[in-house]
Structures are given as structure tokens and as C-alpha cells.
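A note on names: the letters A, B, ... follow the listed sequences, proteins ahead of strands, and every chain is numbered from 1. Quick note: numbers below take in every heavy atom, side chains included, and nothing from hydrogens, waters or symmetry partners. Just so you know, these numbers come straight off a predicted model, no measurement behind them.
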Protein chains: 2
Amino acid sequence: MSKKQLIMDTALELFAKQGFEATSVQQITDQCGISKGAFYLSFKSKDELIIALIDYFMMQIISDIDHIVRNTKDEAVLYHFYFTVYQSFYRHSDFAKVLMKEQSQSLNKELIFKMQYYDKLFSETILSMIERLYGEAVSSTKYDLMYCIKGFMNTYSQLFVFYNVPLDLKMLAESLVEKTNLLAQHTTVPFISKEMVAMFKVKQPLSEETKKEEIVGLIENKIEEMEESIEKESLQLLKEQLLDPKFPPAIVKGLLENIRNNPHCKWISYLLGRYFE
Amino acid sequence: MSKKQLIMDTALELFAKQGFEATSVQQITDQCGISKGAFYLSFKSKDELIIALIDYFMMQIISDIDHIVRNTKDEAVLYHFYFTVYQSFYRHSDFAKVLMKEQSQSLNKELIFKMQYYDKLFSETILSMIERLYGEAVSSTKYDLMYCIKGFMNTYSQLFVFYNVPLDLKMLAESLVEKTNLLAQHTTVPFISKEMVAMFKVKQPLSEETKKEEIVGLIENKIEEMEESIEKESLQLLKEQLLDPKFPPAIVKGLLENIRNNPHCKWISYLLGRYFE
DNA sequence: TTGACAAATGACTAATCGGTCATTATTATA
DNA sequence: TATAATAATGACCGATTAGTCATTTGTCAA
């Protein structure tokens, strides 16, 4: 395990237990068995560490959820959505704790923007799922529905973030599917309008409408640090496809599936999935 | 305005803007135009200040909501509940911000207990409302319902806590009433069982099952610091009723209504309401 | 073995914080 | 006015923090 990874693992544990502010760099390095100076060889600052953590996990979680939403074609998508959400929270429960503790609390501008950016991506995934599932029927209530789904997620995730009880994720997902369907099919009094959502829009803090060139850059970086493997070859082919499309969709999809299995490529897979749309 | 009140007002503003940890005592006293030493004449510590703020507002908000729930007899109770909740949040939006920022983040043990205690009171109010409204029909799903109501509250309150937009609280309440009724009448797959709720119960950190003597003590303190008025006389009579019941319910209710109009007596009114129950 | 380079160290700095207390200003009382 | 009591001040303290950098340690090619 690289030193950077060691620091991230250790810090995550301490942040989950004590919170970000309350954990000192000294504590982290003591726990790691390294010196304080060594910490600053891996990260420019303490803030850079928490941002790295948030990026690392949010990219994984969002990629996973988006993938399941895109690739479940029937109405079971809602169930798989909820199940994947809670599975992610369960797997990364330390990260979930950090996220909840530091929620909107952070002083750091960059961090706030980061969170708003990921929240936007997440909202997009949910909204596209709603539209596919219920279509025109929810055109006036879909924003409320999106907020309710997010509300369900937050509310119920607190249960097992704060109490370390193993929960029946299947039943939880089923229960929330029923609730969501009820709201979707019978709601007649919307509250959140399209205009309201637009008003809440972030003023494009990160202009991360990820461009082709940026993705190419990301891929090239990733290729360099990878060993020879199917994933590396797939990445190489996807890069070529990006620059000069020639493969049919089936091949592209297969290549994407290849790299999704590598945790380090999940984010690229997510970006490419949106790009090739 | 007393010095204590000035500090509380100023601090609330700064805490809402910057967070509790990020606001120094020096900043508060500078803004107040007093010295740092003067701060410690009003509060033993910075922690005592945040606790005083939380007590002050939570007592008001919970009293208001509990009162409206107890005194709306027909099925309009749900509407009035939501309306009162959001009205409270709207009136005390700076406090709402502080509450959201400091959510579960606090290191202070006493503060955590305080919050769990108020959360418990709040849950009780919601649960009693659910039982009165839907009765046996929701016996297996009422805990889910309670969590959903809390979820709706949190989710939608973020809207106007973070974006300073004037919202149509009537429509918001209506919209949430419909959603709640839908869930109450059609949910068949519960997730949260009574056992689960019991498992989450706090291990009685504050043994605040407020005893008769404690309430008498509170009343006596309050009487001392009040000027001659109807409210003071009412308090005096309620104290006598507590020690030696002799008035019929109608009179007691009237007396309670008298003191409810004084913001400083709201909490006592709430406690007495529960006691005479 | 040597020397050059990189990695790692931890004492140190500068800043900030909550909280104290000897001192001073203000008010009330006689 | 003189005296006592109370209110208010702000320099100061000890503790803690993120971040730095001169120095030491480790590594590997010559």
C-alpha cells in the first residue's frame, strides 16, 4: 500500500471517529507510524487530504449508482437504485460518517463547491431515473419526487451510520420502492417547480462539463500508471474511440464494462458513459 | 436588552454565518462592543453559550409545535403541524442554520445529549399525532411514517435555510400533507420495527422525566423574575394546582393558555401540558 | 567504499484559541 | 464628597494547531 493510501485510510478512520477539525495531522501521522514531515510529502495541506478523500469515495459511489441506473432496464431499477445506495453507504460507512459530520460545515470554498458538484451529478442520475420510470405522468411533480428520494436516502442512512446495526438492505430497498411508487403515482400537489430548481442552481463553480480533451488527459494519466492488462488495453482502445469513433456501440459498451471492474477506472467509465450516451 | 441577550443574538448571527467552532469569543465580543472579560460574566464558557442558544430556541419551537398538535382536533392537524414547523424554521432561520451546521458534529457530550433529548420529545409529538390521526391502521408502519415525516422536514427545510427565498409555506404544508397521507394510507412494507426504535433509544442520558418538584422549582424561579401580570398570577395558580389539584380541567387549560402567550413561559406551559395530560 | 540523490525526520515557528485576573471605571450608598 | 460594591477591561497564559526546514537516514550506481 502506498504511503498516500495509508494516510488516507488512517485519516478516514480518525475523521469518522472524531471529525475533521478535531483530528490533528500529528494524530494521523502517529497512527500511521510516520513523521509529520512525511505527511506533507504526500499532501500539500490537511485540506487537500479531505478533498482527496471526498473525491475518491464520491467518484466510486456515484459511478456505481449511475451504472446500476443506466443498466437496469425494467422497473426494477428503483429497487436496485436504493439497494446500491445503501450498499455503498454500508461498504464505506466510515466515509458516510465523515460526510454527515462535515456536511456543509466546512469553511473551505473548494470543498463546498465539490460537494455541490457531486450533489448535482447525483440529482441528475435520480432525475433521469424518475423520467424513465414514470414518464410524462410525473412531469409536474418530478422535482418533489427527486427531493423525497434524497430525503429518504438521508433519513434512513442515518440509521446505520450512527448505530452499527446490520440491517436488511433488501427489505429497506423494498420498503422505499413502495413509498417512492406511492408518491410518484398519486401526488397531485407539487411544491418544487422547475423554476425553483433553476434558482437553486450553483453558479457553475467548477466548470466541469468534462470535455473530450479532459477525458483523454485523464485516460492518458491512468494508462501511464497501470500495468499491462485487459483494462489498460481497453482504456487505450476507448481513448482511440474518443478521438476517432469507429467501433460500434456494442464494442464500446464492452470496453466500458471491462474497465469498470477496476476501482481506479470507475470514474473514467462513468465520464465515458455520459459522453458516449 | 440584557447583556446576555445581546451576546446570544450576536453569537447566533455569527454562528449561522461561520459555524460555532470557526467563531471566536473575541469576534463575538468585538461585534457586541464589549470586552472579552465581560463575556465570561454572562457565560461560564463558550460551550455554555451554544447550549443556552439551543435550549432557548428548541424550547420555543417544540412548545409551539406540541401546542398546535394538541389543540387541533380534526384531521387538519397534519397541515397545521407542517405549517408550524416551517413557520418556526422561517422565524428562527439563523438558529436553523446553526442547528444544521452543528448537526452531530459537536464534541461536547452535554450538547449531544441535549440534542438527543429534544429529538426524543419531537419524535413523541409526531408519533402521538400519527396515532391519533390514523389509529390502528398504521400500527405496523407508524415508525416508518415518523421517520418519513422527519425526513420531509429536514429535506424541505434545507431549501429555505440555504437559499434565502421566501416560500409559500401554505402550499409547502399542503404538499407534505398529501404525501404523508399517501404513505400512511397505502404503505404495506414497513422497515422500522418497534424493536429497532427501542434499540436506538438513548440510554437515558438526561433523566429529564420532569418531576413535579422540578416543574414547581422552574415555576418559582420564573415567578421571581416576572413583573406583576396576568401571566404571573396564572403561574402562581398553576403552581398551587400542581401541589394540590382543585381546579377543573377547563380552568387549568385557560391558565395554560394565559402563560403560553409569554415566550418565556412557553416551556413551562409545555411541561405542564404533558403533566396534566 | 564512496558519493550523490531522495526520503524521512521532528524540533521549531507563528498564529489562534478559550479562559483568567489584576487593574480600572462606574455606580450606588451613606 | 467619600467609600464600598459592582461592572468591565484587555494584557496575558497555557495549550494546541498547521505547516516548515535544517538535518539525518537510506538507497543505489559507480
5'-most contact on DNA chain D (nearest-nucleotide basis), Q26(B) vs K3(B), goes to K3(B)
Output the rounded distance in Å from CD1 (I7(B)) to P (dG18(C)).
14 Å
For Q87(A), does the CD atom have more than 12 heavy-atom neighbours from other residues, nucleotides or ligands under 6.0 Å away?
yes
Under 4.5 Å between any side-chain heavy atoms of L99(B) and M58(B), yes or no?
yes
Within a strict 4.5 Å, meaning less than it, do heavy atoms of the F57(B) and L12(B) side chains meet?
yes
Give the rounded distance in Å between these two atoms: CD of Q18(B) and P of dC17(C).
10 Å
Side chains of T84(A) and D64(A) only: does a donor on one sit below 3.5 Å from an acceptor on the other?
no
Tell me the interatomic distance from E48(A), atom CD, to dA18(D), atom P, rounded to whole angstroms.
15 Å
Ring centroid separation for Y117(A) and F113(A), is it under 6.0 angstrom?
no
Among residues 30-45 of chain A, which ones have heavy-atom contacts with DNA chain D below 4.0 Å?
K36(A), Y40(A), S45(A)
Do W267(A) and D55(A) make a side-chain contact, defined as non-hydrogen atoms from C-beta onward lying under 4.5 Å apart?
no
Without decimals, in angstroms, what is the distance between E21(B) CD and dT17(D) P?
12 Å
Between T23(B) and K46(B), do the side chains contain an N or O donor and an N or O acceptor separated by less than 3.5 Å?
no
Please enumerate all protein N or O atoms sitting under 3.5 Å from an N or O of nucleotides 24-28 of chain C, with distances to 0.1 Å.
none

Rounded to whole Å, how long is the line connecting atom CG of D47(A) with atom C1' of dG19(D)?
12 Å
Distance, nearest 0.5 Å, that separates OG of S63(A) from CG of L271(A):
7.5 Å
Name the nucleic acid region contacted by T23(A), choosing base, sugar-phosphate or nothing; use a 4.0 angstrom heavy-atom cut-off, strictly under.
sugar-phosphate
Count the heavy atoms of every other residue, nucleotide or ligand shown that sit under 6.0 Å from CG of L243(A), and state whether that count exceeds 12.
yes
Does OP1 or OP2 of dT17(D) have a side-chain N or O of K46(A) closer than 4.0 Å?
no
Gap between atoms CG and P, on L14(A) and dA18(D) respectively (whole Å)
12 Å
